[in-house]
Engineer: 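A single structure is presented below for examination.
Below, chains carry the letters A, B, ... as their sequence lines are ordered, and counting in each starts from 1. Every value quoted in this text rests on a predicted model; they were computed, and no experiment measured them.
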Number of protein chains: 2
Amino acid sequence: HGGKSEKSILSTSTATLEIATKQQLYMLDSNSPGSVFFLPHGTRIFNKLLKFMKLQQEKQGFTEVITPLIYKKQLWETSGHWAKYSEDMFKVEGNDKSKFDESEKDDIYGLKPMNCPGHCIVFKRFNRSYKELPIRFSDWSSLHRNESSGALTGLTRVRRFHQDDGHIFCTHEQVSEEISKTIKLIKICYKIFGLNNFKMMLSTRPDNFIGNLNDWNRAEKDLSNVLNKELGENNWSLREGDGAFYGPKIDILLTDNFGKEHQAATIQLDFQLPQRFELRYQNDKDDYDIPIMIHRAIFGSVERFMALLIDHFNGKWPFWLSPRQAIVIPINNNHKEFANKIVKKLSNEIEDFDNPTKLNTNKFFVEIDDRNETIGFKTKDAINKGFNYIILVGDKEIESGKLAIRSRSNRKIENLSVDEIINKFKLLEDNYE
Amino acid sequence: HGGKSEKSILSTSTATLEIATKQQLYMLDSNSPGSVFFLPHGTRIFNKLLKFMKLQQEKQGFTEVITPLIYKKQLWETSGHWAKYSEDMFKVEGNDKSKFDESEKDDIYGLKPMNCPGHCIVFKRFNRSYKELPIRFSDWSSLHRNESSGALTGLTRVRRFHQDDGHIFCTHEQVSEEISKTIKLIKICYKIFGLNNFKMMLSTRPDNFIGNLNDWNRAEKDLSNVLNKELGENNWSLREGDGAFYGPKIDILLTDNFGKEHQAATIQLDFQLPQRFELRYQNDKDDYDIPIMIHRAIFGSVERFMALLIDHFNGKWPFWLSPRQAIVIPINNNHKEFANKIVKKLSNEIEDFDNPTKLNTNKFFVEIDDRNETIGFKTKDAINKGFNYIILVGDKEIESGKLAIRSRSNRKIENLSVDEIINKFKLLEDNYE
Ligand SMILES: [Zn+2]
Ligand SMILES: [Zn+2]
């Protein structure tokens, strides 16, 4: 870490914090250092990111599971984390009151820093056949890492975080196809967010590798073929001997607006964990094989990815991701009631408390500004607050049923009916604009 | 607890477990006793329940927040939980490596059993005006309670659970309206699930009450007026002196198919926590008042509510909630490819890995049964597995573009195009059928 890098960290986190504070996205508190409180508007972004990624993962055949947060010490011994990672894991004390024997009473749990062991338990519970593979679990659990308090910064170095975590259990033959799809998803994702400055590295077998040399050679060949196919032959780099001892990996580095590089997505092959957990599946020869496990995340930490997006967009969220999609401004007090109806209609929150809101609804984040200020003042304020669209409601608009709508970035006014606005907004979301 | 009640518990949990095992909804494991692993199909139900409730909460003006899971001991002392609830809370050990002083090194945290203190922190962080009230936070955090291992059963007595938790911070004047809306939501919710056998009780001021007698009288009068209005004068009961020391409450008891009563929804007024956290808002007289806090949950524990639904529906999920909404059966091998396309179309998982799935999509849980078995066998198996609709694909169907579709419960076959099926399914979901 040279001087330049330190300075970049500073400017990045300062800029992030300023925007996040102004837009009330998240807060921190000394009662839980390193754990982020997402405020309502930050939660909207968080949930939209999840919705986006869940859709893409489902297409790739992932099924979501919800797994426990605390596991007994014995599990972390099986996984190997207790020996290597114990210092970085929060310990949880059991105190089981139904046990009379003092030695049994105090169970020690680890608060999970990763989802992999939980997914191994789920894989192992059922008889698995090669016909079912690949099995792909996704998980959005809270994860905790015991970072020292001095190292904590905003959204980027935290103690509690979430990953768009996924584990693929597959055969050797299936590795190429799975990695190929994962890289396609990374490309889709970065394109949507306009994150065009990224590079990928393949890290290969280190000296202290475990497992079978043939497996390593085959996997490394598969990975480099996939990288050639998906990125082009000279568009990725090799880090020879830099892989984990338990498998080769692909790292993806993103460069942010400040020139700082971030580790975001990862793809890690794992020959070890399936062995430690004695996972197996029935092959087509009435025998058993050990599956390969692939750890992969596209966002990586959702918190860190959000920090990156805050900087990247400089607080100017694209419509689909925006926690403030539109504001309705009544021209004077006579138009307040009508304006309020527009807000309710666009946010699909019609005031009928005796009947349920429908399950499949198009709803947008729309507010009203009915303060006694000038239109000019309110328009400027709306732009400053980051609303993507500004909708004016006056006599002309009420009479014609066509509202005056303009975007944050363009003064040009369109006259659209509410239904036309809903269609416009829906199209923007569908195209991730 | 008499003999009858004990027997009911047994039969309930046995029935639940049988269905859950057959449908692969969830599993338990000795590595984390009392923490449920939701399998892919159980996670689908869990997520659909969340989606449903989030929509209803948003209409009522709730904004979702994401709050930390671990809080330092000092917070639980402020909230009063450390003194009264300490035994039931999992302790988390900090071990902050950046602190040199041994006494500072070992932070003690509590793994949260409820969201209220976290929401008080968020309320307190900003200057609050009466104009903003009511402020309503919802939260879906994982909660942990240190139940003794002997007490654990399936989904009903667990150590880790989730609530459709919400806290309303409001003025005295706003209590009636908020409670009224909450009761309306409870009625909507139970109607949708067909849970018609419920009763509500108002529990009033106990001897050891805290706070101001006027506040109690006013609140109790408001609550009983609301109950009269929403349920009718003789359709609820009074439990005099049975309220918590910090506020009156409304309990809702559901009776299940086995005649067993369950505590599900709760509405609890709280005069204490806002005082302990020194919460305040600026009133219209340029002075400060203490808000009233209302704790409310409609499902209560999502896990417990799911157990109740498993029994209630006896595994026959209504379409909108079903993790297996339809199965496509090709009549012979020639129809496999077409059948697969139908599956992809209905589940909106068209195999295009180079482009994103759109954000607003109608997608259903649809599978294929392309085993070499007879149509009769596969139809029976599909019904047995709980698929709501069975779609047959043969020569006639491919030629006409009209698929043969029947429901689980009715042999009558309809001939519908894929788009007609999508509309049919969408309508079923929208009406919570
Ligand atoms: Zn992993
Ligand atoms: Zn509460």
Side-chain angles (χ1 to χ4, degrees), chain A residues 27 29 31-32 35 37-40 43 46 51-52 55-56 58-60 63-72 74-75 90-93 95-99 111 121-122 125 142 146 148-151 160 181 184 188 192 320 349 353-362 426 429-430 432, chain B residues 27 29 31-32 35 37-40 43 46 51-52 55-56 58-60 63-72 74-75 90-93 95-99 111 121-122 125 142 146 148-151 160 181 184 188 192 320 349 353-362 426 429-430 432:
Chain A
M27 56 174 261
D29 190 86
N31 281 297
S32 189
S35 287
F37 290 73
F38 284 102
L39 298 170
T43 303
F46 188 99
K51 185 179 176 187
F52 159 73
L55 282 168
Q56 315 314 319
E58 282 164 17
K59 182 160 72 177
Q60 297 214 345
T63 51
E64 189 184 342
V65 292
I66 300 170
T67 54
L69 301 187
I70 61 174
Y71 297 91
K72 288 192 179 172
Q74 73 194 44
L75 178 90
F90 282 106
K91 308 291 180 306
V92 178
E93 232 177 79
N95 182 30
D96 187 339
K97 284 159 288 179
S98 68
K99 295 281 166 59
L111 191 53
I121 292 178
V122 178
R125 174 62 58 91
S142 289
N146 191 5
S148 71
S149 61
R160 181 212 190 194
K181 275 156 61 185
K184 278 181 200 297
I188 285 175
I192 282 177
W320 75 274
E349 280 163 18
F353 297 116
D354 291 309
N355 291 294
T357 298
K358 287 183 182 177
L359 194 65
N360 298 299
T361 54
N362 296 309
K426 193 171 168 307
E429 285 200 341
D430 275 347
Y432 298 105
Chain B
M27 57 174 260
D29 190 85
N31 281 296
S32 190
S35 287
F37 291 72
F38 283 103
L39 298 171
T43 303
F46 188 98
K51 186 180 175 186
F52 158 73
L55 282 168
Q56 316 313 320
E58 282 164 18
K59 181 160 72 177
Q60 297 214 342
T63 51
E64 188 184 341
V65 291
I66 300 171
T67 54
L69 300 187
I70 62 173
Y71 297 91
K72 287 191 181 173
Q74 72 195 44
L75 178 91
F90 282 106
K91 308 290 179 308
V92 178
E93 232 177 80
N95 183 31
D96 188 339
K97 283 159 288 179
S98 68
K99 296 280 166 60
L111 192 53
I121 292 177
V122 178
R125 174 61 58 92
S142 290
N146 191 6
S148 70
S149 61
R160 181 211 190 194
K181 276 156 61 184
K184 280 182 200 294
I188 285 175
I192 282 176
W320 75 275
E349 281 163 18
F353 298 116
D354 291 309
N355 290 294
T357 297
K358 286 182 182 176
L359 195 64
N360 298 300
T361 54
N362 295 310
K426 194 170 168 306
E429 286 200 341
D430 275 347
Y432 298 106

Engineer: Using non-hydrogen atoms only, which part of A/K91 is less than 4.5 Å away from chain B: side chain, backbone, both, or neither?
Structural biologist: both

Engineer: Sub-3.5 Å donor-acceptor pair from the side chain of B/T357 to the main-chain atoms of A/Q56, do we have one?
Structural biologist: no

Engineer: If you tally heavy-atom pairs under 4.5 Å against chain B, which of A/P68, A/P40, A/S32, A/S142 wins?
Structural biologist: A/P68

Engineer: Name the option with the most non-hydrogen atom pairs under 4.5 Å to chain B; the candidates are A/N31, A/I70, A/D29.
Structural biologist: A/N31

Engineer: Does the B/D430 side chain pair with the main chain of A/N360, one donor and one acceptor, at a distance under 3.5 Å?
Structural biologist: yes

Engineer: With a 4.5 Å limit on heavy-atom distance, are the side chains of B/L69 and A/L111 in contact?
Structural biologist: no

Engineer: Where on B/N355 is there a heavy atom nearer than 4.5 Å to chain A: the side chain, the backbone, both, or neither?
Structural biologist: backbone

Engineer: Who among A/W320, A/Y71, A/F52, A/Y432 has the most heavy-atom pairs with chain B under 4.5 Å?
Structural biologist: A/Y432

Engineer: Which bit of A/I188 comes within less than 4.5 Å of chain B, counting heavy atoms only: side chain, backbone, both or neither?
Structural biologist: side chain

Engineer: Quick check on the interface: out of A/T63, A/L39, A/I121, who has the most heavy-atom pairs with chain B under 4.5 Å?
Structural biologist: A/I121

Engineer: Do B/M27 and A/V65 make a side-chain contact, defined as non-hydrogen atoms from C-beta onward lying under 4.5 Å apart?
Structural biologist: no

Engineer: Distance from B/E429 atom CD to A/K358 atom NZ, nearest 0.5 Å?
Structural biologist: 12.5 Å

Engineer: Counting N and O atoms only, with roles assigned by atom type, does the side chain of B/T67 sit under 3.5 Å from a partner on the main chain of A/F37, one being a donor and the other an acceptor?
Structural biologist: no

Engineer: Carefully, step by step, assess B/K51 and A/L359 under the rule side-chain contact (heavy atoms from CB on, under 4.5 Å).
Structural biologist: CA-CA 8 Å; B/K51 186 180 175 186; A/L359 194 65; 4.2 Å; yes

Engineer: What part of B/K181 lies closer than 4.5 angstrom to a heavy atom of chain A: side chain, backbone, both or neither?
Structural biologist: side chain

Engineer: Taking A/K426, A/Q74, A/Q60, A/E58 one by one, which has the highest count of heavy-atom pairs under 4.5 Å against chain B?
Structural biologist: A/E58

